[in-house]
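What follows is one structure encoded as structure tokens, with my remarks underneath.
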Amino acid sequence: MPANLAAARDAANAFRAKYITGMLFDRFPLDTVFIADNVLRLDLVSFPGLEGLCNSTAYITAGMTEMYLDEALYSAYDSRHYSISKKNRLRFSVAHEIGHLTMHNGIIDRIRCRSIEELKRIANNDDDDRKCIEKEANEFAGRLIAPAEELKRLVDTYGHAQSNPRWRDDGRLRSEFATHCCKTFGLHEDGIRTRLDRDGIWPSDWVSGGG
Amino acid sequence: MSTQFGRLIKDLRIAKGLTLRQCCEQLRFDPSNWSKIERGINPAPKDQKLLTEWAEYLGQQGEALIEFLDLAAISRNEIPADLGSDARIIEALPVFFRAARGVEMDDAKFAQFIDQVRKLHTTDA
């Protein structure tokens, strides 16, 4: 089955409307760890060395009540002297897992592992269905962290400050905007660029000169 | 699988607007241990002074304080069955276990992963 990215974006919008809009934590960058812990009331479990073992920083368990977080990143998240990139990576990973919880709860019985041996078999051999599911969760996470409406508002504000009326054609400006937005949303530059493309706000094929 | 005490401290913590780590920082208590208490894997500590400090921090006074301490005592008699069983571990496995592109998980790493899952769901001695 192909990944339904439009449905993932809609799910992210619905999630935001249901849980975030108008709340005290409705601000940027979005505190996805707080949302998982205090809003969705998931059990967040600090997992030593998770990223080193699995090359991933967060996982939701089959019971959909626990989420494992890489211990080092989870510790850094609350630290006053945190690494911004570490915090942002965890932010996205948690949003990704929330995406699974939101969109894929209904198919758990079909795809869950029923034994450790089965988990081992799929650990290194994702099938097409699982790859699509992962793409949908990524799309959910990106849209949740950097909602289209807010991103568009920022692009419009950025554009008003440009003297060149054809500023949207300039790839260098697009790249500069993406860099500038990282801090606002707590999302990597590549993630910002993906949002600009997927939400049709400032697609890369409009520009010349990279970006 | 959470005990009543585990659920209570989670509810009180969330009502106070605190994440698990924020609460533990204030109480100077290990977050991993607190997590296990909330999830019913570890019982409440025996130290009454510590429990009372927690209760007061979480806003429990009078009758509510007594109930808090009672539930803590009950939890110590409700130590869950061995959580190292395979059925429990299977429930604790990631459901969307994605292989990172181009990065294989070798047998040693996989064994470490499963071992860690077991530890996270096993009562501390």
Side-chain angles (χ1 to χ4, degrees), chain A residues 24-25 31 33-34 36-39 41 43-56 58-68 71 74-75 77-79 96-97 99-101 104-105 107-109 111-116 118-120 122-126 130-131 133-134 137, chain B residues 1-2 6-7 10-26 30-41 85-121:
Chain A
L24 284 176
F25 48 88
D31 190 341
V33 171
F34 179 89
D37 187 348
N38 292 52
V39 179
R41 302 174 67 99
D43 288 324
L44 302 191
V45 182
S46 189
F47 194 119
L50 178 64
E51 187 178 22
L53 291 174
C54 313
N55 207 38
S56 186
Y59 280 113
I60 197 160
T61 61
M64 287 290 201
T65 57
E66 292 182 348
M67 188 184 295
Y68 297 145
E71 183 180 60
Y74 191 20
S75 299
Y77 196 83
D78 282 329
S79 168
H96 175 106
E97 298 304 317
H100 282 315
L101 179 67
H104 302 133
N105 209 336
I107 62 170
I108 295 233
D109 275 347
I111 68 166
R112 65 179 292 173
C113 299
R114 309 239 175 236
S115 68
I116 293 171
E118 190 176 348
L119 180 70
K120 187 177 179 183
I122 68 146
N124 292 320
N125 191 22
D126 271 345
R130 288 180 186 274
K131 286 177 183 170
I133 286 167
E134 292 307 310
Chain B
M1 286 284 254
S2 184
R7 284 193 294 274
K10 181 168 183 171
D11 287 345
L12 293 173
R13 169 178 69 75
I14 290 176
K16 225 172 141 66
L18 296 169
T19 65
L20 188 150
R21 294 192 70 88
Q22 288 166 344
C23 182
C24 289
E25 186 181 344
Q26 292 294 312
D30 174 56
S32 297
N33 201 343
W34 184 282
S35 171
K36 285 190 173 183
I37 297 172
E38 283 194 1
R39 289 181 287 136
I41 294 170
S85 68
D86 280 350
R88 180 71 177 91
I89 295 303
I90 288 167
E91 194 67 20
L93 294 176
V95 64
F96 301 106
F97 196 77
R98 56 196 177 277
R101 197 167 295 150
V103 177
E104 281 214 353
M105 200 180 191
D106 62 27
D107 285 355
K109 282 190 173 179
F110 190 81
Q112 285 176 51
F113 177 82
I114 294 298
D115 186 53
Q116 189 60 54
V117 171
R118 283 208 170 92
K119 284 179 186 171
L120 290 171
H121 293 82

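We name chains A, B, ... by the order of the sequence lines, and we start the count at 1 in each one.
Between W34(B) and R13(B) the shortest side-chain heavy-atom distance falls below 4.5 Å.
For S35(B), the part lying under 4.5 angstrom from a heavy atom of chain A is the side chain only. Both the backbone and the side chain of L93(B) come within contact range of chain A, judged by heavy atoms closer than 4.5 Å. Contacts of L24(A) with chain B are absent, with no heavy-atom separation under 4.5 Å from either backbone or side chain. Heavy atoms of S75(A) lying under 4.5 Å from chain B belong to its backbone as well as its side chain. Contact of I60(A) with chain B is made through backbone and side chain together, with heavy-atom distances under 4.5 Å. Interface remark: I114(B) contributes side-chain atoms only to the contact with chain A (heavy atom separation under 4.5 Å).
If you take CD on E97(A) and OG on S56(A), they are separated by 6.5 Å, rounding to the nearest 0.5 Å. Taking CG of L120(B) as the start and OH of Y68(A) as the end, the distance is 6.0 Å to the nearest 0.5 Å. To the nearest 0.5 Å, atoms CG (L50(A)) and OH (Y59(A)) are separated by 6.5 Å.
With chain B as the partner, the residue from F34(A), Y77(A), F47(A) showing the most heavy-atom pairs under 4.5 Å is F47(A). Note on D31(A), V33(A), D37(A): by heavy-atom pairs under 4.5 Å with chain B, the leading option is D37(A). Heavy-atom pairs under 4.5 Å with chain B peak, among M67(A), E71(A), H104(A), at H104(A). The candidate from K36(B), Q22(B), Q112(B), E25(B) with the greatest count of non-hydrogen atom pairs under 4.5 Å with chain A is Q112(B).
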Pair V117(B)-T61(A), side-chain contact (heavy atoms from CB on, under 4.5 Å): steps then yes or no: CA-CA 11 Å; V117(B) 171; T61(A) 61; over 6 Å; no
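A donor-acceptor pair under 3.5 Å is formed between the side chain of K109(B) and the backbone N or O of G52(A).
Here the shortest heavy-atom pairing between N38(A) and L18(B) reads ND2-O, 2.8 Å.
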